[in-house]
Amino acid sequence: QVHLLESGGGSVKAGGSLSLSCSYSGMIYAAYVMQWFRQAPGKEREGVAAIDSDGRVSYVDAVKGRFTISEDNAQNTVYLEMNMLKPEDSAMYYCAANAPSLMPAWQALGKEEEFRFWGQGTQVTVDS
């Protein structure tokens, strides 16, 4: 019911920045959680940043201070601003939604099993 489409991925040099966008449609729920996940080859998928419908945000320790998740409800878009990128940030980045959900962002972070709707992903490559 909820459809998501990521964009903004690409290749950057270490220390550079990228901004990812997740355009969503069919979000008819008042309570929800949006989350950016990432998965690199040979590694488990991890939650990167989450934002809930109350505007609360949560980040995995590895990106705190460097990444910012935000949402523009008028544009039906969730963003992930990534700064000071490191080679270990290289991964396929996925946007996902858990809806309806009363789970706060801090509790939802990393819980991919709770997320029903997923985009196809956008690749981020950071060169050293």
Side-chain angles (χ1 to χ4, degrees):
Q1 189 172 9
V2 179
H3 302 280
L4 308 104
L5 179 62
E6 306 95 333
S7 62
S11 297
V12 297
K13 186 177 68 176
S17 300
L18 277 177
S19 183
L20 306 182
S21 298
C22 173
S23 176
Y24 58 85
S25 62
M27 182 65 77
I28 64 174
Y29 309 102
Y32 59 88
V33 185
M34 304 292 292
Q35 182 165 170
W36 287 96
F37 293 88
R38 66 184 181 186
Q39 187 166 27
K43 295 185 177 180
E44 295 182 345
R45 186 165 55 194
E46 66 174 346
V48 177
I51 184 168
D52 60 37
S53 47
D54 287 326
R56 295 170 294 197
V57 298
S58 184
Y59 302 93
V60 68
D61 286 345
V63 308
K64 287 182 178 177
R66 299 189 297 120
F67 290 13
T68 302
I69 187 171
S70 62
E71 181 178 14
D72 186 338
N73 291 110
Q75 296 294 322
N76 294 327
T77 303
V78 174
Y79 301 94
L80 184 66
E81 180 68 32
M82 305 183 294
N83 300 305
M84 298 298 294
L85 284 161
K86 305 175 181 179
E88 50 263 46
D89 294 319
S90 297
M92 183 72 73
Y93 282 71
Y94 299 91
C95 182
N98 183 19
S101 175
L102 293 173
M103 187 177 294
W106 63 267
Q107 187 176 352
L109 187 67
K111 294 186 177 179
E112 61 262 36
E113 71 276 7
E114 299 292 333
F115 284 74
R116 298 172 57 196
F117 310 104
W118 293 76
Q120 292 300 116
T122 185
Q123 180 67 44
V124 172
T125 302
V126 184
D127 299 314
S128 61

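Keep in mind the model is a prediction, meaning the values are calculated, not measured.
Counting heavy atoms from C-beta on, the side chains of Lys86 and Val126 never come closer than 4.5 Å.
With values rounded to the nearest 0.5 angstrom, Asn98 atom CG is found 9.5 Å from Glu113 atom CD.
Cluster membership check: Val57 shares its hydrophobic cluster with Leu80, using side-chain heavy-atom separations under 4.5 Å among Ile, Leu, Val, Met, Phe, Trp and Tyr. Follow the hydrophobic side-chain contacts under 4.5 Å out from Ile28 and you reach Ile51 in the same cluster. Note: the hydrophobic cluster containing Trp36 also contains Met82 (ILVMFWY, side chain heavy atoms under 4.5 Å, direct or indirect links).
Counting only residues at least two apart or in different chains, disulfide bond (SG atoms under 2.5 Å apart) contacts with residues 47-82 are absent. The salt bridge (charged side-chain N to carboxylate O under 4.0 Å, His left out) analysis of residues 15-28, with sequence neighbours excluded, yields no pairs. Identified under the disulfide bond (SG atoms under 2.5 Å apart) test for residues 91-128, with sequence neighbours left out: Cys22-Cys95. Each disulfide bond (SG atoms under 2.5 Å apart) pair with one or both residues in residues 96-126, not counting sequence neighbours, would appear here, but there are none.
When every heavy atom of Ala50 is checked against every heavy atom of Val33, the shortest pair comes out as CB-CG1, 4.3 Å. Closest approach of Ala14 and Ser128 over heavy atoms only: CB-CA, 4.3 Å. Closest approach of Gly26 to Val2, counting heavy atoms only: O-CG2, 3.6 Å. Smallest separation of non-hydrogen atoms from Leu4 and Met34: CD2-CE, 3.4 Å.
Thr77 meets the side chain to side chain donor-acceptor pair (under 3.5 Å) test with no other residue; sequence neighbours excluded. Qualifying side-chain contact (heavy atoms from CB on, under 4.5 Å) partners for Asn73, counting only residues two or more places apart in sequence or in other chains: Tyr24, Tyr32, Glu71. For Tyr93, the ring-ring contact (aromatic ring centres under 6.0 Å, His included) test picks out no residue, with sequence neighbours left out. Taking the side-chain contact (heavy atoms from CB on, under 4.5 Å) definition, one finds that Ser17 meets it with Glu81, Asn83, sequence neighbours left out. Annotation: side chain to side chain donor-acceptor pair (under 3.5 Å) contacts of Gln1 (sequence neighbours excluded): Tyr29.
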Donor-acceptor list for residues 114-125 side chains, cut-off 3.5 Å, not counting sequence neighbours:
residue	atom	partner	partner atom	Å
Arg116	NH1	Ala99	O	3.1
Trp118	NE1	Phe115	O	2.9
Thr122	OG1	Gly9	N	3.0
Gln123	NE2	Ala91	O	3.3

Return a table of donor-acceptor pairs under 3.5 angstrom between the side chains of residues 58-69 and protein atoms on other chains or two or more places apart.
residue	atom	partner	partner atom	Å
Tyr59	OH	Ile69	N	2.9
Asp61	OD1	Lys64	NZ	3.0
Arg66	NH1	Met84	O	2.9
Arg66	NH1	Asp89	OD2	2.8
Arg66	NH2	Ala62	O	2.9
Arg66	NH2	Asp89	OD1	3.1
Arg66	NH2	Asp89	OD2	3.4

Donor-acceptor pairs are to be reported for all side-chain atoms of residues 40-49 against protein atoms at under 3.5 Å, with residues two or more places apart or in another chain.
residue	atom	partner	partner atom	Å
Glu46	OE2	Arg38	NE	2.6
Glu46	OE2	Arg38	NH2	3.0

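Between the Asp54 side chain and the Arg56 main chain, no donor and acceptor come within less than 3.5 Å of each other.
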